[in-house]
Enquirer: 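Below are the structure tokens for one structure; questions will follow.
The chains referred to below are lettered A, B, ... by the order of the sequence lines, with proteins before strands, and numbering in each begins at 1.
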Number of protein chains: 2
Amino acid sequence: MSERDAERSVSQTVRAQLALRDMILSGRLRPSERISELQAVDITGVSRTPVRLALVRLEDEGLLQAIPSGGFMVKAFTERDILDSIELRGTLEGLAARFAAERGVSARSLEPLKECLGDLDQLVRQDPISVEAFSAYVTMNARFHALLNELSASAPLIREIDRVSALPFASPSAFVMAQSALPEAHQILLVGQDHHRIVVDAIENREGARAEAVMREHSRLAARNLRLAIRNRTHLELMPALALLKSSAE
Amino acid sequence: MSERDAERSVSQTVRAQLALRDMILSGRLRPSERISELQAVDITGVSRTPVRLALVRLEDEGLLQAIPSGGFMVKAFTERDILDSIELRGTLEGLAARFAAERGVSARSLEPLKECLGDLDQLVRQDPISVEAFSAYVTMNARFHALLNELSASAPLIREIDRVSALPFASPSAFVMAQSALPEAHQILLVGQDHHRIVVDAIENREGARAEAVMREHSRLAARNLRLAIRNRTHLELMPALALLKSSAE
DNA sequence: TGAGTGCAGTATGTATACATCCATCGCTCT
DNA sequence: AGAGCGATGGATGTATACATACTGCACTCA
């Protein structure tokens, strides 16, 4: 399917949503800046109706904030907001892991997760780790987390996790790439991978509390990466999500 | 302000949203039933544009589900979904309580909460408890939970709690009224009020783990009420939210 | 000179007409 | 008779015109 076809096949609403999200995450629309519908029409090239829907969707997503008198503005986040969002995700993923452990999962449904675990092992075994390997790690890591959440077999929970992870700075892979520029990179990756191993083991042995605790701690690696990267001001361009930070904290 | 003025002052979108939500919760729109835009136009009396926005909002709220080929259907929930949603809320409220405890709150900001606690004490002291007192309890209980969540001082967390609590069967007060018809009513209310007391004490003493644990357990009272009420089939009309249950489990 | 009011411009809220896509039903051909 | 294709009805997706509400500025009056 050519790119042209792909562009034709998706709705104007989705196209507008993608274009506006890109503008926000790339920082071309600054935090706290009001974004009018007409402006959005200019940007996206579609008419007001789909633009409106796209704006509403982006508000749901958490990237925009409704103005009481009407209209939307780009949401501004503090560093604290970001850290809380990461803790929030960790808490929810912890709940998912506990559900999986307490309710039990079949050996069959655990198989893809173990396979994914093995693939990740291969990647982190390299020393030093290439940039390509880091990139592959991001993909595989996202897959691991998705599989894990599904094991909870709880639609309401998965829905909320997806929602929280949609915030670009709260997803499990948000700061892995930034990490690639840190001297502690390899060590943190090894620790993270050990968390993965532990949670699978805990689920297999029906140790709910252990599974929950390790997933919570796991999310704190992301928080640690974020803080390190901000403090060192290393490779901020690897973390486009930080365009949403309130300017003072940037 | 007269009712007419009030009706005039809110947007058509909100009016449509309220009307449709009412139809869903009252069971006039059955779970898994497709709801077309034109049908919604007939129901609400407003045009397609605001109806569409209302449908999108209701999807976000979790009452509707998007159909891949377009349009929406009323979401159907299993009893397990409901129990999971309650556990989810408890987990999030637990996190809020822990944040409040660990980060510390001023004596001044704790005051409204304690006042609310005192009011609740007055209400549960009656024996037997009148229906009016139950109703007042529902209101005051919602206020207590709202104040508690605010003490977390975490906008992202409060946002998620509000979202989860918007599901009619997941809110802290969802099954309190149903409880009024149970023989165990007074006892459960006293236990719940003791949870309230403990969490305030824990926050005051910066006992994060205790605050978190008690709020989690607190939510399980709602789960217990739900199960009791369903098993006894007592006063199902007090729980309109159950209109969303998949028919087999009803 | 300051405050209040009114007007103009521009934004969003709403309705509707048009385009497009999908799904279903019926017909035809093998 | 069954399967596949085509047509038709009805749904959603989109664009735009119109109504209305808000905001900011200027002018006037105290």
Enquirer: In terms of ring plane angle, is the pair H196(A) and H145(A) parallel, tilted or perpendicular, where the classes change at 30° and 60°?
Expert: perpendicular

Enquirer: Is the shortest side-chain N/O distance from R48(B) to OP1 or OP2 of dT12(D) below 4.0 Å?
Expert: no

Enquirer: Choose from dG13(C), dA15(C), dA15(D) the nucleotide whose nearest atom is closest to any side-chain atom of T49(A).
Expert: dA15(D)

Enquirer: Return the nearest nucleotide to the side chain of E37(B); candidates are dA11(D), dG13(D), dT14(C).
Expert: dG13(D)

Enquirer: Nearest whole angstrom, please: distance from the C1' of dA11(D) to the CG of L55(B).
Expert: 13 Å

Enquirer: Can you tell me how far P of dG13(C) sits from CD of Q17(B), to the nearest Å?
Expert: 14 Å

Enquirer: Mind listing the closest non-hydrogen atom pair of S47(B) and V41(B) along with its distance?
Expert: C-CG2, 4.0 Å

Enquirer: Round to a whole Å and report the spacing from CE of M73(B) to P of dA11(D).
Expert: 17 Å

Enquirer: Does T13(A) put a side-chain nitrogen or oxygen below 4.0 Å from OP1 or OP2 of dT14(D)?
Expert: yes

Enquirer: Is the distance from OP1 or OP2 of dA15(D) to the nearest side-chain N or O of Q12(A) less than 4.0 Å?
Expert: yes

Enquirer: Starting at CD of E79(A), measure out to CG of D84(A) and round the result to the nearest 0.5 Å.
Expert: 11.0 Å

Enquirer: Parallel, tilted or perpendicular, judged at 30° and 60°: which one describes the rings of F169(A) and F77(A)?
Expert: perpendicular

Enquirer: For L53(B) and R34(B), take the nucleotide of DNA chain C holding the closest heavy atom to each; which residue's nucleotide lies nearer the 5' end?
Expert: L53(B)

Enquirer: Between V46(A) and G71(B), which is nearer to the 5' end of DNA chain D once each is assigned its nearest nucleotide?
Expert: G71(B)

Enquirer: Which nucleotide, dA11(C), dA11(D), dT14(C), lies nearest any side-chain atom of S47(B)?
Expert: dT14(C)

Enquirer: Rounded to the nearest Å, what distance is computed from the CD atom of residue Q39(A) to the C1' atom of nucleotide dT12(C)?
Expert: 14 Å

Enquirer: Round to the nearest Å and state the distance from L38(B) atom CG to dG13(D) atom P.
Expert: 13 Å

Enquirer: Tell me the interatomic distance from F72(B), atom CZ, to dA11(D), atom P, rounded to whole angstroms.
Expert: 16 Å

Enquirer: Identify, with sequence neighbours excluded, every residue that meets side-chain contact (heavy atoms from CB on, under 4.5 Å) alongside S32(B).
Expert: M73(B), A76(B)

